Each structure stands twice: as C-alpha cells, then as structure tokens.
Amino acid sequence: MAEITKSYEPRDVEKKWYAAWQAAHAFAGKVVPGKASYSIVIPPPNVTGVLTMGHVLNNALQDILIRRARLEGKSALWIPGTDHAGIATQTVVERELRKQKKTRHDFGREKFVEKVWEWRHEKGGIILEQLRRLGASCDWDRTHFTMDPAYSRAVLQVFVELFNRGFIYRGKRMVNWCPVSLTALSDEEVIMKPTNGTLYKVRYELVDRPGEYIQVSTTRPETIPGDVAIAVHPEDPRYADLVGKKVWRPINRAQIPIIADAAVDKEFGSGALKITPAHDKVDYEVGLRHKLPIVDVLRADGVLNELAGAELAGLERFAGRKKAAELLKESGNLVGEESYANNVGYSERADVPIEPRLTEQWWLRYPRIEEAKAAVRDGHIKFFPERWSKVYLHWLENIQDWCISRQLWWGHRIPVWYRKGLDRSKLTEADLRDTTKVQVSLEGPSDPENWEQEEDVLDTWASSWLWPFATMGWPNQNEMKKAGFDYFYPTTTLVTGPDIIFFWVARMIMAGLEFIRPGESLDQRIPFKNVYFTGIIRDAQGRKMSKSLGNSPDPLTLIDKYGADGLRFGIISIAPQGQDIRFQEERIEGGKNFCNKLWNASRFRQMSGEAGDNSSVAAILARLEPSKFDADDHAILERLIATTASVEKAFAEFEFSAAVQTLYGFFWNDFCDWYVEVSKAKLQSADTKTTCLALQDLIIRQTLLLLHPFIPFITEELWHLLGFGPENAFIEEARIETAAELSEALKSRGISIDTAAASAVEKLKTTASQARALKAEFNLASRRDVRFFATASDADWAVLDANASKLTRMVGANELLRKAKVDGAPAVVTPLGTLYLDLASTVDVAAEKQRLAKELEKLQQHIAGTEARLANTAFVSKAPPAVLEGARKQLAELQAKKAEIERLLGGL
RNA sequence: GGACGGUUAGCUCAGUUGGUUAGAGCACGUGCUUCACACGCACGGGGUCACUGGUUCGAGUCCAGUACCGUCCACCA
C-alpha cells in the first residue's frame, strides 16, 4: 500500500479519481428492481453560464444527497443538463456579432440560429466541465439540453396539447416590453426597483373656458402626446361639473375629454389622472371601459415616433422626457416639478425600464392550479424550510395568465401556422380553431407553401417547466422505458433557490400534474417529493454577489487554492438551512485544513502499525479484543455511534451544515485531540496495540463513509490507501452502517458500550486540562519532566492510576504520585482529586494565594446562585425532580470543591 | 401597504420540546519544530443573548410590542 504523504495535495488526487469515476461510468443511474431509487434533476444552468458560488452551493448539496443515497444502498440518479436560456444566449451571441459591426438581421433568422448553435457547441459545455471539477456525480451519459431534438418535441407537444385543451390563447394585451431585447417578458421577469425621478405637474386648459385649467401629475411627460383623456373620480365634487367637457392636450395639441372612472385615487396629487392607454396598464383598462382610442407614441426600441409630434419624434424615450418637460415649460403648462421616488419595473436581463406595450402575444392559462396548491399544502411535496410554502401558495392564489411568446429567434418556435395572406391582427378565438386559417400541430401543414409559421418562440421557462420528465424520455414510451421513468419519477428531491419558486418550481408542479400519469393520485404525478431551498450567497458585507460589483470569487480559483473538497466542506459548513450566507474565504480555508487533518490522522494510523484486514466492519471487529477495552475505547465508540445517528438525523431534516459541524467536532476533537493522543500510550504496549489499531480503523472507516458525500475525493483516496475496499471498487460501492447496525455489529462481537465510560473520560479530559493550565501558570508548559502529586479518594485514585501513563504523556509530566498530604505546592481541584505541582524551588505563596482566592470567589458566586434557587420554595415544589436533583448534586460538588480550596489556602 | 426572515463574543454563525456556569470556527494573547498534522498542539482573554413589557419556580428559547437590517409580493399617476 502506498505511503501517505505529509500533507494533502488535492490537485492530482481529484483529477485521478474523477477520471476513474467517469471511465467506470460509476454515476450511471440504473433501474435495480427491489432497490429503492433516489433521483434528482439538476436545475439546468444557463448554457451561457460559468460556475458561480451559488452553483457551488447548490450542486454540492445535490451531490451530497446523491452520494449519501448511494452509500445507503439506493440506486441513485442525478440528471445533468443545461438550459438554452433564450434572451441571455441570444444576447451573448449578438454581442459577439456587434464586435464585427453586424446584427442578427444581417444574417437572417436561419443563419443567426446556426451561429447560436455554433456558439453553444463551442462554449456551452463549460459549466458542466466546471461541475466535474467540483466533483458532481451526475450521470453524464444522460446530459440533456432544452433544445435537444427530443426535448424540443416534448416542448412543442405540450404547446399543442395545451392549445387543444383550451389553456392557450392568442391575444392583444398590455405586456411588459423590453426595448433593448425587443421582446415581451412575463411579469416574473420584471424587477421592481425604487427609482428617483421627477413628478411633473402639468395643466390642461379647458376648451370652453379659456384660462381655466385642470392639473395632473406625471412622471412621464413624453407620453402626453398619447393622452386621450383626463380622468377624475366619479365622486369627486371638485370636478363634478367638468366631466364630459374637453381640455387641450398641451403637447401635440388636440382636444381630449374629461371622463370619470373609479380607478382614480382622489387623494393622489390633484385627483386628476391623464389617460394614456398605449403606455400604461391601468390607463389601458380605463380606455377599454370608455372606448377611448389608443395612441402609441413609442417605437419598439423605445424611440418616440411621429405620433409624438414633430418636436419629440426620433428622440429616445429619456431624451424625449426632458424635451417634453422643456416644451411644457415654454408653453407655460408646467406648473411645477418635484423629485420623486417610485417603483419602476426593470427588465431582468437588460436592466432597463420596461415599457407597458400593447402587442399580440400567446398566453397560457395555468392548468391544475388547485391541485398544485393542494400538493404542497397537504404535504405531498415538502418544502425545506417550510415557510416558503406560504410564498408559493400566495403566488398561486393571485396567479395571472402567463405570456409565453417571445420575439426572439433563439428558442422553440411556436408550432402555429397561419394561412398566407391572413390578417393576423383580426384573428378571433374561433379563427384560431379553424384549421383552414390556423394550424396548431407538431408536424405543421401538409402544404407548407401556403402557410407562414409564427415567428415568435416560447419563453425559456415554458421548456424548463417540463425538465423533471422531459429528461426522462417523456412523452416517448420507449425512451421513458429506457430512462427508467417508472422507477425514477417522481424525483426525490429538488435543490434550488427560492428566487425561482414562481419561474420554475411552481410551474414544474403544474406541468407534472397536468401531463404525467393522468388519472393517478397526486403522489404519482408530482415531479418531486422534497424541495430544498438554499440560501443566497452574499459577500462579507452582506451584498448579493454580482458581476458588476466584482465581489464574486471564482470557484475555480478557490478549487485550485483549497481543493474541491475544501471548497465543498467550507461552503456547506456556513450554509445553515434557509439562511443567506455571508461568504468568508477563511471558512473555505478551514475546509482545507480539515481535509489535511483527516489526511494526517490517516497517515498516523498508517505509521502506527501494520495494516490489518480492513475489508469490512466484521473483519475489523474480528481483530479487536473487547476485554482490552478501557474507558477511552468505550467513550470513542459511544461518540462514533452518536455521531452516526446525528448525521442520519441531519440528513432526514436537510440540516447539512449541522452534519458537517458534528463530523468536524467528532473527528477533530473527540478522535484526534483525545483518542489518538491517548492511543499513543496504548500503542507502546503490545497488550493493547492490536485492539487500539483495529478500533482506529473502525472509526476512520465509518468517518470516511460519513464524510464521503461532503468531501468525495479525499475520502475515496484514503479509502484505498488504508485498504477499506478492493483496489478496483469505489467507496460508493460500500454501504454505510447505520447507528443501529453499528451497535448491533458491536453487540454481536460481545461489545456492549459502557455508558459510564463517557463521563469518566470527561473527567480525565478536565483533569488533564487543569494540570496543563497549572503548568502554564508556572511557566512550565514546555517542560516535560514535571512531577505531579495527587490527594484523592480511593475511587478517584483508581481512575488516575489506571490512566496514569496516558495522563502523564498528555500533560507533559514524568510522574504522578499519590500522597496523603501535600504542603506548600501549587494545586488544582480536579474532578478526580487535587493535583499538586511539585516545584523544586519554593512557591510564591502570595501569588498562589491570590490565584486560589480568585477561583474561590468564582466558586462562591456559583454556589450562592444555586443555593438561592434551592431556597426558593416555589422552585423546590414545582420544578421536575430531575432538575431538582441535578441542582442538589451540583451544589454538593461545588461545596466539596470549595472546602478543598479553603483547605489549600489554609495550608499556605 | 402586505408577508417572511434576521438581530447571541472583534467577525461569521450554532443554540433541539424553557432547566446546571450560553457554544463553535476565525481573529486575538501567551507558550511550544512533543517521534500524524505549524493546514498543527496547549493554555488563555472576550458575551446585559437588539430594546420594552408579560407568562413562568426558571426565558437566549414562549407571548405582546418597539427599533434597525434584509428579502419577496402589491398598477397609486
């Protein structure tokens, strides 16, 4: 077996094992009848994406779940893939073209889409490569892309089905228009941002009462040429006599009516509102109610058109705003202006204010809304943390139809064909169903020359909402069989961010319920059983990580620096369930240090003696002699079982950082700092050596299995270096013992854990600490030839004596002697009697007195508190007996200690 | 305007159903090349648990309210 090096160097180890795993197709998700399945679909990253810290957290968590499932003996499947990300990808490629001074229109639709495909073949795999660096154990043979031919067919089939089922319609409506991306957006893609603007107070002159005005406030004076009315509240006495009259529109002068509509807030500003149906959602509705004309003064790209009038036409919308304000000022119609903060909707992708715009779009009325609510409300799908279910339900309560068409070229082109020559703007609902006018189908019309296909593509989310089943061959029966659909669907757990509850999670649930296993129960149709929502990773100042702030560390740099395992361990350790995470590189460093500790403890084991048969728990147990056990052996086994149990509990509750912290404490403190240290004495004796080494093997084996999901590379390496499995098998082919199984295995070997041992070891630890502190007090910390005396009861001395060699070694002493009485030596009162430091020179009595007096004072405070509690009759009569007894016992111990210190003081 | 999170050591966070003297990591101080590890070991300093009331024998933990920070939802021009 290879020798373990002095420090852990992740780079080569990670490379080696990932290559081996891939070569063996070790992550293939296989249908194994009789075995439980565990499946996850990756939230497909944008094909344009590069790995961020968010991805690291998210995918590390999925990998942890999947690897743990394998160790638990389940057949695990993790499906990877990428999302074609319509707007994002198209934008990236257009930006490239712009460098060559070209636009997509220079190429035309077909050629441009080809260009995007070229780009995707070249660059689209980067993020998946990076996930491999992280150690993600995806079934790469099942990598999917939302624009793969089969996936695309699924997307289009769903469109056709939903159209046939009456959920999809086409209509002219107000949409959120992005003047940069030149497409409609769904409500979810609009980000409301507080924005500082100006509120302009503008007066409109009454046509039949020259010199009299009605005043309105607006933040958008450039839309005034689009005004078609002024509205007031029907019950507003100030304007009652004006309704029905006309005013002059102050820019692009024309007469417009004053109308009454309840949508107006009497309290806001002057209580009068300008109505611009083409450029505001509320105004549009008011316009519909009053049959007002629609005057659209903006081009698609946000530039004012000729309807805005000669002065404004050709100006970009913000320049137009300024110009409009100037025009109003010149004409004397600008009554005032004040700075004003309000919420403005921004395009998520392009980060510019969106324009409400009236356009023809395709809409989806969501199916299965009530079932989707029930699935979560009634616990068929469990959210972790649970509180997100409220957000989910609230959205579904107020759900609006989904605008699914996008005016892009990159995406799934909507499978609708219009008869050539048809006026699409006049299509009725009946026309859409008339196959002589419109065809909605997968194949398209049989006489394509007479038809034109819809130019729009589908919203990206209208493809990713099928991800949990379209990646498993749906709707093709043969492909589904091959993929093991019956076995792996519904998936077990979805790991994602709460920011896409609406975009993705809710929609997947509705899609699954609508399309999968019709007629079956909810549990059969839902796409996943658990949803784990991660926190958001922030920088040390608590800001979101973003490209523009440049505060996002590069995960690959971190992997180079600390190893993938170190990065994983570090990030998980600071990511408690559902809380946002403040990133600190020190924690990643801590992860690396832990790996090094694990490495060196294993190295120490290897250097300590011959390797025994490590091939199974039974083989290791066969090597140890329970009769040689001392308290430390019992205690560490008790800790091992407790740790195994608490990791089990943590997984059941999705408390990953708790699991990591438990393992850290167990391995570093209980095992390395104590057990390995006491082992050093045990290893000196042939009598205890074999058992001690076997026990170390047992503990390291179990620890590697417990840690493997978190830090897969180093555990795989050590698993082989220490011979826990055959050369040609991976650690994941082993099964992890549960706490119960481990206890059972020990029992069958005749080992029943002495639960009292743990408290004896705790006393020894405290005693050792106090002895070392006493040495430090007298500047002897580095001396190893110190002598200690002890005055102790027979029982305490028995413990000290039995552990004397360990204790002296740990404390750095050459002798521990029992004495009936010791005078004039510095002392500490330990749980195992009083220890005295034998000083060759005389003791500084004054200093020693002061030290003891200080301790006595602390003790007295504590005693006073406990006495007061016990003197309280209410406490004594009402507290449960266990608490009461605990307090009394504590008081007795404190008083004994106090008496001992007083005795020591008296002797000085 | 509504909903949800957070406030515990210098920093980042744990703290299970209320019960001994509130923990960890990092940082800090001191001492250590002790035959696994200086990516380490030992010892130590450091907290009015945001604030105000309440319930209780007992509150970091439960209840009410306040303040501040953050997130999401909502068409107020």
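Quick caveat, the model's predicted, so the values are computed rather than measured.
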Reading nucleotides 4-14 of chain B 5' to 3', which nucleotides get B (base under 4.0 Å from a protein heavy atom), which S (sugar-phosphate only), which -? SSS-----BSS

In whole Å, what is the span from the [atom1] atom of [X] to the [atom2] atom of [N]?
{"X": "A:Asp280", "N": "B:C76", "atom1": "CG", "atom2": "P", "value": "10 Å"}
{"X": "A:Phe875", "N": "B:U20", "atom1": "CZ", "atom2": "P", "value": "10 Å"}
{"X": "A:Leu894", "N": "B:U20", "atom1": "CG", "atom2": "C1'", "value": "9 Å"}
{"X": "A:Leu859", "N": "B:U20", "atom1": "CG", "atom2": "C1'", "value": "14 Å"}
{"X": "A:Asp265", "N": "B:A74", "atom1": "CG", "atom2": "P", "value": "19 Å"}
{"X": "A:Gln606", "N": "B:C35", "atom1": "CD", "atom2": "P", "value": "19 Å"}
{"X": "A:Arg869", "N": "B:G19", "atom1": "CZ", "atom2": "C1'", "value": "7 Å"}
{"X": "A:Lys775", "N": "B:U34", "atom1": "NZ", "atom2": "C1'", "value": "10 Å"}

Which nucleotide in the set [options] lies at the smallest distance from any side-chain heavy atom of [X]?
{"X": "A:Ala773", "options": "B:C76, B:C43, B:C73", "value": "B:C43"}
{"X": "A:Val282", "options": "B:A36, B:U21, B:C75", "value": "B:C75"}
{"X": "A:Trp668", "options": "B:C37, B:A42, B:G40", "value": "B:G40"}
{"X": "A:Asp673", "options": "B:G70, B:A42, B:U56", "value": "B:A42"}
{"X": "A:Arg772", "options": "B:A42, B:A77, B:U21", "value": "B:A42"}

Whether [X] side chain and [Y] backbone form a donor-acceptor pair below 3.5 Å:
{"X": "A:Glu14", "Y": "A:Gly563", "result": "no"}
{"X": "A:Ser270", "Y": "A:Gln215", "result": "yes"}
{"X": "A:Asn872", "Y": "A:Ala868", "result": "no"}

With rounding to the closest Å, how many angstrom separate the [atom1] atoms on [N] and [M]?
{"N": "B:C63", "M": "B:U55", "atom1": "C1'", "answer": "7 Å"}
{"N": "B:U48", "M": "B:G44", "atom1": "C1'", "answer": "23 Å"}
{"N": "B:G70", "M": "B:U33", "atom1": "P", "answer": "50 Å"}
{"N": "B:G6", "M": "B:G45", "atom1": "C1'", "answer": "29 Å"}
{"N": "B:U66", "M": "B:A3", "atom1": "P", "answer": "12 Å"}

Please report the interatomic distance CD(A:Gln895) to CD(A:Gln860), rounded to the nearest 0.5 Å.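 Answer for the CD-CD pair, A:Gln895 versus A:Gln860, is 10.5 Å.
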
For the CD atom of A:Glu348 and the CG atom of A:Asn176, what is their distance to the nearest 0.5 Å?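 Output value for this atom pair is 12.0 Å.
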
State whether A:Tyr8 places a side-chain N or O below 4.0 Å from either non-bridging phosphate oxygen (OP1 or OP2) of B:A36.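 No.
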
For A:Asn872 and B:G58, is the shortest distance between a side-chain N/O and OP1 or OP2 below 4.0 Å?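 So the side-chain polar atoms of A:Asn872 never come under 4.0 Å of the phosphate oxygens OP1 or OP2 of B:G58.
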
Check the pair A:Tyr204 / A:Ile230 against side-chain contact (heavy atoms from CB on, under 4.5 Å), numbers first and verdict last. CA-CA 9 Å; A:Tyr204 291 54; A:Ile230 295 293; 3.7 Å; yes

Could you note down all residue pairs passing salt bridge (charged side-chain N to carboxylate O under 4.0 Å, His left out) where residues 559-577 of chain A supplies at least one of them, sequence neighbours left out?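 Residue pairs passing salt bridge (charged side-chain N to carboxylate O under 4.0 Å, His left out), neighbours aside: A:Asp63-A:Arg568, A:Arg133-A:Asp560, A:Lys561-A:Glu585.
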
Think A:Arg639 forms a cation-pi with A:Trp674, using NZ or CZ under 6.0 Å from the six-ring centre and within 45 degrees of its axis?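 Output no; distance or angle outside limits.
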
Check the orientation of A:Phe654 and A:Phe656. Use parallel for under 30°, tilted for 30 to 60°, and perpendicular for over 60°.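 Perpendicular.
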
Using a cut-off of 6.0 Å, state whether more than 12 heavy atoms not belonging to A:Arg11 lie near its atom CZ.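 No, the 6.0 Å shell around CZ holds no more than 12 heavy atoms from other groups.
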
No-H, no-angle donor-acceptor pair, A:Lys597 side chain to B:C37 base, under 3.5 Å: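 In this structure, the two groups form a donor-acceptor pair.
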
If pairs are Watson-Crick or G-U with both distances under 3.5 Å, what is the dot-bracket string of RNA chain B, marking crossing pairs with [ ] and pairs to another strand with |? (((((((..((((.....[...)))).(((((.......))))).....(((((..]....))))))))))))....

